[in-house]
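Have a look at the structure that comes next, please.
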Amino acid sequence: MGDSSRIPGFYKKSIDDRRALISARAGVELRRISESLATGGMSPETADKIVENVVGIYALPFGIALNVTVNKRDVIVPMVVEEPSVIAAASNASKMIRAGGGFEAEVVNPLMISQVQLYDVGDPIEATARLEKAAEELLQMATESVPNLVARGGGPRAIEVRDIGEGSLVLHVLVDCRDAMGANLVNTIAEAIGDRAAEVANGKLGLRILSNLCDRRVVDVKCRVLSEDLVKRTDSMRPLAPGQTTPPEVDGRQVVDAIVQASRFAELDPYRAATHNKGIMNGVDAVVIATGNDFRAVEAGAHAYAARTGRYSPLAIWRRDGDDLTGEMKIPLALGTVGGTLRVHPAARLALDILGIESASDLAMVAASVGMASNLAALRALATEGIQRGHMSLHARSVATAAGAEGTEVERVASAMAERGTITVELARSELDRLRKGNAG
Ligand code: MEV
C-alpha cells in the first residue's frame, strides 16, 4: 500500500513546511507549488480570458487531505473548500478506512449521454424502429464529428431511443469521452446528428445537449472500517481536556450500530438523505473544484442520480458486517483531466500533478472516495458526540493561532478555551499570556 499519503503532524506545520513536504512526497517542484498557488492560482489577465466582465479573482483555501488510499494506492488529495473541518474530517475518516484496507473503487465502461429531442413525432413506435434501423448511419455521422476524440481512442459507442410521451422521442448517443469531461464533445455530436435524426423520425428537432444525469459514468466505492478504529483517537485536531490522554471509553461496536442507524435514517427519509448527501458532496466538490472541474455538473448529476428511483435516496449506505462497519457508495462523476479550465488554471494542473493521476476515471475514483470519507466522518460525529464539538475545536485552534499562539501553544490555548466554553481572541490572548508567563516562571 505504501505510506506516501501519511504525514503525521502535517496540520501543525507552517504553510511553507507543508509545501515542502508535499513537494517531496508528490515529486512536484517546490517552486512550482508556490508559483501555481500565487494569487489564488490565476492572474486577473488569465481570468479575463476565461469568463466575461472580469474585475478580479475570488480565492478559496487550497488544502490537502491525507491518509487516502484507493485500490491499494496512496494518493495525496488537494481539496478546495471554504468550510472548516471538511479537510480534517476527510483525512481522519480516510485514516480509519485505510486501516481496514482502504477504498476499493471502480468505474466500469464510462460513457456520457448526448440527447437529441424529437417532438411532434407522428407515430413514435414506427419512428423508434426507423431510428434504431438508422443507428449505424447516425453513429457514423456522430463519429465523423469528433475526429480528435476518435484519434484518442474514444467516440460514440451506441444509440438508444426513449419514448418520453406526448409524441416526443429522445435519441441518446452514448459517448466514450476518454479523459475529457466531455460536455463540448457530446454537444458537438448532438448537433451533428440532430437534423438527420429528425428526418428519420419524421418529427421536429428540439434540443441537442448532453445529459448531466450521467448514469453510465458511475463510480462504485466500497470500504470497511474495523469497529476499534472508530473509537481510536484519530482526530488529533481536537484539543484534549487537561489531564485527558485517551478518549472516553466507548465500544466501537456501538458506534458501528449508531452509524448504521444514521444510514437507515437517510434511507427512510429524503429530508435526511439531502443532508447526508450534502456531507458526501463536501468531499467530492472540494476535489472537483481543486482539479478545475465543473462542480455544477457534478452536483446536478449526483442529486438526479440520488432521485433516480423516484424517491430521493442516500448515495452512500452503511451496514454492519460482524464487528466491522462496511460502506458502499455509487455516484455519477463526469470529470476530466484534459481540456476545459485545466488548460489555463495552473492550480488545477498542480492539483492533478500532486494527485499523480492522469485518467479521468482515476480522478473520479479519488473524488468519490473522499466523498465517502466525508460522509463517514459526519455520521461518526453525528451518531456519537454531535458535530459541534469537533467544529468548535477547530474554531478554537484557529482563534488561538489568530491570537499569536505557535507550535504546541495552539493546542494548549485551544484546550483552555474549550474547557471554559468560550472562544474569543481576547480569551485566547489572555490564555497565551498566562501560558507564556507560566513557562517563563
Ligand atoms: C455539513 O457541511 C455536513 C453535515 O451536515 C453532513 C451530515 O449531516 O451528514 C454534517
Side-chain angles (χ1 to χ4, degrees), residues 107 109-150 154-178 180-218 288 293-313 330-336 339-340 360 364:
V107 191
N109 193 18
L111 297 169
M112 287 296 276
I113 298 169
S114 174
Q115 290 200 297
V116 178
Q117 179 196 13
L118 304 166
Y119 64 100
D120 283 352
V121 174
D123 183 340
I125 296 178
E126 279 268 305
T128 302
R130 280 200 304 275
L131 284 165
E132 283 169 356
K133 213 163 150 226
E136 280 291 299
E137 179 198 345
L138 292 167
L139 271 179
Q140 185 58 32
M141 285 175 84
T143 303
E144 281 163 16
S145 70
V146 285
N148 292 341
L149 175 62
V150 174
R157 296 288 185 250
I159 276 179
E160 290 175 352
V161 187
R162 294 172 49 236
D163 185 341
I164 56 169
E166 296 187 8
S168 289
L169 295 179
V170 189
L171 183 81
H172 281 190
V173 186
L174 307 183
V175 187
D176 177 348
C177 293
R178 299 276 106 178
M181 183 273 188
N184 285 330
L185 294 163
V186 163
N187 295 343
T188 300
I189 287 174
E191 293 191 0
I193 67 166
D195 285 321
R196 179 63 186 139
E199 200 175 43
V200 173
N202 197 14
K204 292 202 178 108
L205 178 61
L207 308 189
R208 292 146 294 160
I209 187 79
L210 88 166
S211 170
N212 284 121
L213 173 50
C214 39
D215 57 3
R216 310 292 178 102
R217 215 171 175 180
V218 171
V288 169
N293 275 283
D294 182 346
F295 59 93
R296 285 90 54 214
V298 165
E299 284 282 335
H303 298 294
Y305 189 75
R308 69 193 180 287
T309 60
R311 180 192 171 84
Y312 188 88
S313 305
K330 286 192 200 306
I331 183 169
L333 281 177
L335 302 182

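Remember, predicted model here, so these are calculated numbers, not experimental data. Residue numbers count from 1 along this sequence.
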From Leu333 atom CG to Cys214 atom SG, the distance as rounded to the nearest 0.5 Å:
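Answer rounded to 0.5 Å: 7.5 Å.
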Backbone N/O of Met181 and side chain of Arg217: donor-acceptor pair under 3.5 Å
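Checked: pair present.
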Could you tell me the separation between the CD1 atom of Ile193 and the CE atom of Met141, rounded to the nearest 0.5 Å?
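Ile193 CD1 to Met141 CE: 7.5 Å, rounded to 0.5 Å.
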Return the minimal non-hydrogen interatomic distance between Leu139 and Pro156, and the atom names on each side.
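So the two residues come closest at CD2-CB, 3.7 Å.
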If you round to the nearest 0.5 Å, how far is CD of Glu191 from CG of Leu207?
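Between atom CG of Leu207 and atom CD of Glu191 there are 10.5 Å.
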Here's a test for you: under side-chain contact (heavy atoms from CB on, under 4.5 Å), which of Met112, Arg162, Arg216 qualifies with His172?
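Going through the options one by one, the only one that passes is Arg162.
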I need the minimum non-hydrogen distance between Val116 and Gly194, along with the two atoms involved.
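In this case the closest contact between Val116 and Gly194 is CG1-CA, 4.0 Å.
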Check Arg296 with Glu299, please: is the shortest side-chain N to carboxylate O separation under 4.0 Å?
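A salt bridge is absent here (no side-chain N lies under 4.0 Å from a carboxylate O).
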Can you confirm whether Glu166 sits close enough to Tyr119 that some side-chain heavy atom of one is under 4.5 Å from a side-chain heavy atom of the other?
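In short, these two side chains do not touch, never coming nearer than 4.5 Å.
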Are Leu118 and Leu205 side-chain neighbours, meaning at least one heavy-atom pair lies under 4.5 Å?
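Heavy-atom side-chain distance check passes, below 4.5 Å.
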Can you confirm whether the side chains of Gln140 and Glu144 place a donor and an acceptor under 3.5 Å from each other?
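Yes, Glu144 and Gln140 have a side-chain donor paired with an acceptor closer than 3.5 Å.
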side-chain contact (heavy atoms from CB on, under 4.5 Å) between Leu138 and Arg196, worked out
CA-CA 8 Å; Leu138 292 167; Arg196 179 63 186 139; 3.8 Å; yes
Is there a donor-acceptor pair under 3.5 Å between the side chain of Asp120 and the backbone N or O of Gly167?
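No, because the side chain of Asp120 does not come within donor-acceptor range (under 3.5 Å) of the backbone of Gly167.
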Nearest heavy-atom neighbours spanning Leu335 and Ala364
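Residues Leu335 and Ala364, closest heavy atoms: CD1-CA, 3.7 Å.
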Assess whether side-chain contact (heavy atoms from CB on, under 4.5 Å) is satisfied between Val175 and Ile189, documenting all intermediate values.
CA-CA 9 Å; Val175 187; Ile189 287 174; 3.7 Å; yes
Kindly give the heavy-atom pair with the smallest separation between Arg130 and Ala201, and that separation in Å.
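The answer is NH2-O, 3.3 Å.
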If we only count heavy atoms from C-beta on, is the Leu149 to Thr188 side-chain gap below 4.5 Å?
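Side-chain contact under 4.5 Å: no.
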Could you state the interatomic distance from CG (Asp215) to CD1 (Ile113), rounded to the nearest 0.5 Å?
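Answer rounded to 0.5 Å: 4.5 Å.
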Indicate yes or no: at least one non-hydrogen side-chain atom of Leu131 is less than 4.5 angstrom from one of Ile159.
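Not in contact.
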How far does CG of Asn202 sit from CG of Leu169, to the nearest 0.5 angstrom?
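These two atoms lie 11.0 Å from each other.
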For atom CG of Asn184, is the number of surrounding heavy atoms from other residues, nucleotides or ligands below 6.0 Å larger than 12?
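Result for CG/Asn184: open.
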Minimum heavy-atom distance Val107-Pro110, with the two atoms named:
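Shortest heavy-atom separation between Val107 and Pro110 comes out as CG1-CB, 3.9 Å.
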Might you point out which heavy atoms bring Leu171 and Val161 nearest each other, and give the distance in Å?
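Taking Leu171 first and Val161 second, the nearest heavy atoms are CD1-CG2, 3.8 Å.
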Determine whether a donor-acceptor pair (N or O, by modelled atom type, separation under 3.5 Å) exists between the side chain of Asn187 and the backbone of Leu210.
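Present.
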